[in-house]
Amino acid sequence: KTMTRVDDRIREDYKVLFFQLDEIELVQLLNKIDEIEMEVDKNSFNMLAIRHRFFSKEIAENIGDIISKRGLKYSVMLDMRIIDYLMGGGIKIHTDGYQIQDDVKSTHTFILYFTDSDEEDGTTNYFTDMSGNDCWVTITPKRGLIIIFSHNIPHSGSPVFTEKRLLRGDLFVSQLI
């Protein structure tokens with residue numbers, strides 16, 4: 001089941017889609033990811049975490065299939081990152097940049113959580129603007145949860161008190177069913 005949180009006060013494209021993978025889907029994906037060689041990527045200035053960048057057509061297609069089963073038609077870019085937030089790690093309010101692949105520019109971000117958190121630990125928070133004063137939705141990380149949102153939505157990752165691991169990648173809308 002795909003769920004949507006929308007903030008109509010702002011703009012129609014301010015929506016966050018999310019759905020839960022079943023454990024079999026998640027384990028199959030994790031096994032494929034474990035086989036990939038990754039390089040440690042430099043962090044952005046507003047992030048306290050370790051990023052591992054990789055390019056994988058197989059993982060992109062697998063995630064595309066998982067998303068498509070939920071009635072959503074996005075194409076997944078090959079450039080993805082595993083992000084490990086250690087104790088105290090997080091990311092300040094920001095919007096996501098785009099990727100270009102085969103002359104197509106990404107429009108959306110996906111995050112797949114590999115670990116659980118509680119409501120006070122490592123949440124992803126979405127805001128109406130970059131001031132961070134008006135949070136309109138908070139997502140608590142849950143193992144197997146995928147969230148999809150437009151690059152232009154301001155968001156942050158609260159500091160973690162336990163380790164948090166996720167997969168982050170870029171999408172573009174190929175067709176909505």
Side-chain angles (χ1 to χ4, degrees), residues 1-6 12-44 47 49-85 89 91 94-117 122-124 126 137 139-153 155 157 163-177:
K1 179 179 174 184
T2 302
M3 302 178 73
T4 306
R5 290 276 197 300
V6 180
E12 188 177 310
D13 64 339
Y14 269 46
K15 39 179 98 166
V16 178
L17 306 171
F18 54 100
F19 57 87
Q20 185 70 38
L21 270 65
D22 63 44
E23 191 63 18
I24 293 170
E25 286 177 312
L26 182 61
V27 169
Q28 289 172 342
L29 185 60
L30 286 170
N31 287 339
K32 290 178 185 176
I33 290 171
D34 284 344
E35 296 171 3
I36 296 172
E37 281 192 40
M38 298 182 207
E39 59 186 59
V40 175
D41 187 25
K42 64 179 180 166
N43 286 334
S44 55
M47 173 186 274
I50 300 169
R51 294 192 309 192
H52 306 272
R53 175 164 262 146
F54 67 96
F55 296 81
S56 173
K57 183 176 181 180
E58 181 182 14
I59 300 299
E61 288 174 352
N62 193 268
I63 291 170
D65 290 344
I66 289 168
I67 290 170
S68 151
K69 284 184 200 173
R70 273 63 179 194
L72 304 167
K73 292 294 181 185
Y74 290 92
S75 293
V76 180
M77 301 285 197
L78 303 181
D79 181 8
M80 291 173 263
R81 274 98 47 226
I82 298 286
I83 303 176
D84 291 306
Y85 292 94
I91 186 165
H94 66 286
T95 56
D96 289 340
Y98 60 86
Q99 299 288 329
I100 296 177
Q101 178 182 302
D102 299 327
D103 296 326
V104 177
K105 187 160 60 167
S106 65
T107 57
H108 289 72
T109 298
F110 79 84
I111 295 174
L112 168 57
Y113 296 107
F114 294 150
T115 53
D116 289 319
S117 295
T123 58
T124 303
Y126 296 89
V137 68
I139 304 288
T140 300
K142 181 169 174 26
R143 179 180 164 88
L145 182 68
I146 289 185
I147 55 178
I148 298 172
F149 55 94
S150 175
H151 286 329
N152 64 350
I153 300 177
H155 59 286
E163 293 182 6
K164 177 172 86 172
R165 182 169 237 218
L166 59 85
L167 173 64
R168 186 243 187 256
D170 298 282
L171 311 164
F172 63 90
V173 179
S174 54
Q175 174 186 357
L176 288 177
I177 296 175

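The residues of the chain are indexed from 1 along the displayed sequence. Any value given below was found using the heavy atoms of this structure, including those in side chains, with hydrogens, waters and symmetry copies removed.
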In Å and rounded to the nearest 0.5 Å, what is the [atom1] to [atom2] distance from [X] to [Y]?
| X | Y | atom1 | atom2 | answer |
| --- | --- | --- | --- | --- |
| Leu112 | Ile66 | CG | CD1 | 7.5 Å |
| Asp170 | Met77 | CG | CE | 6.5 Å |
| Ser117 | Lys142 | OG | NZ | 11.5 Å |
| Phe172 | Asp102 | CZ | CG | 8.0 Å |
| Ser56 | Asp79 | OG | CG | 11.0 Å |
| Lys57 | Leu78 | NZ | CG | 8.0 Å |

Within a strict 4.5 Å, meaning less than it, do heavy atoms of the [X] and [Y] side chains meet?
| X | Y | answer |
| --- | --- | --- |
| Val173 | His108 | yes |
| Phe110 | Ile63 | yes |
| Ile139 | Phe149 | no |
| Leu17 | Tyr74 | yes |
| Glu163 | Thr115 | no |
| Phe18 | Ile148 | no |
| Ile83 | Ile50 | no |
| Arg53 | Met38 | no |

*Does atom CG of Asp22 have more than 12 heavy-atom neighbours from other groups under 6.0 Å away?*
yes

*For Tyr98, look at atom OH and say whether over 12 heavy atoms of other residues, nucleotides or ligands are found less than 6.0 Å away.*
no

_Show, in sequence, the C-alpha distance, side-chain angles and deciding distance for Ser106 and His151, and conclude whether the side-chain hydrogen bond (donor to acceptor under 3.5 Å, both in side chains) test is met._
CA-CA 8 Å; Ser106 65; His151 286 329; 2.8 Å; yes

*Evaluate the side-chain contact (heavy atoms from CB on, under 4.5 Å) criterion for residues Glu61 and Val76: first the C-alpha distance (whole Å), next the side-chain angles of each, then the deciding distance (0.1 Å), finally the verdict.*
CA-CA 7 Å; Glu61 288 174 352; Val76 180; over 6 Å; no

*Evaluate side-chain contact (heavy atoms from CB on, under 4.5 Å) for Thr124 paired with Val137, printing each intermediate quantity in order.*
CA-CA 8 Å; Thr124 303; Val137 68; over 6 Å; no

Would you name the heavy atoms of [X] and [Y] that are closest together and state the gap between them?
| X | Y | value |
| --- | --- | --- |
| Pro141 | Gly122 | CG-O, 3.1 Å |
| Thr95 | Asn152 | CG2-O, 3.6 Å |
| Leu167 | Met80 | CD1-CB, 3.9 Å |
| Ile36 | Lys32 | CG1-O, 3.6 Å |
| Phe19 | Leu145 | O-CD1, 3.4 Å |

Under the side-chain hydrogen bond (donor to acceptor under 3.5 Å, both in side chains) test, residues paired with [X] that sit two or more places apart:
| X | result |
| --- | --- |
| Glu25 | Arg70 |
| Tyr85 | none |
| Asp96 | His94, Thr109, His155, Arg168 |

With sequence neighbours excluded, tell me which residues meet salt bridge (Lys or Arg N to Asp or Glu O under 4.0 Å) with [X].
| X | answer |
| --- | --- |
| Asp116 | none |
| Glu23 | Arg143 |
| Arg165 | Asp84 |

_Walk me through whether Arg81 and Asp41 qualify under salt bridge (charged side-chain N to carboxylate O under 4.0 Å, His left out)._
CA-CA 9 Å; Arg81 274 98 47 226; Asp41 187 25; 5.4 Å; no

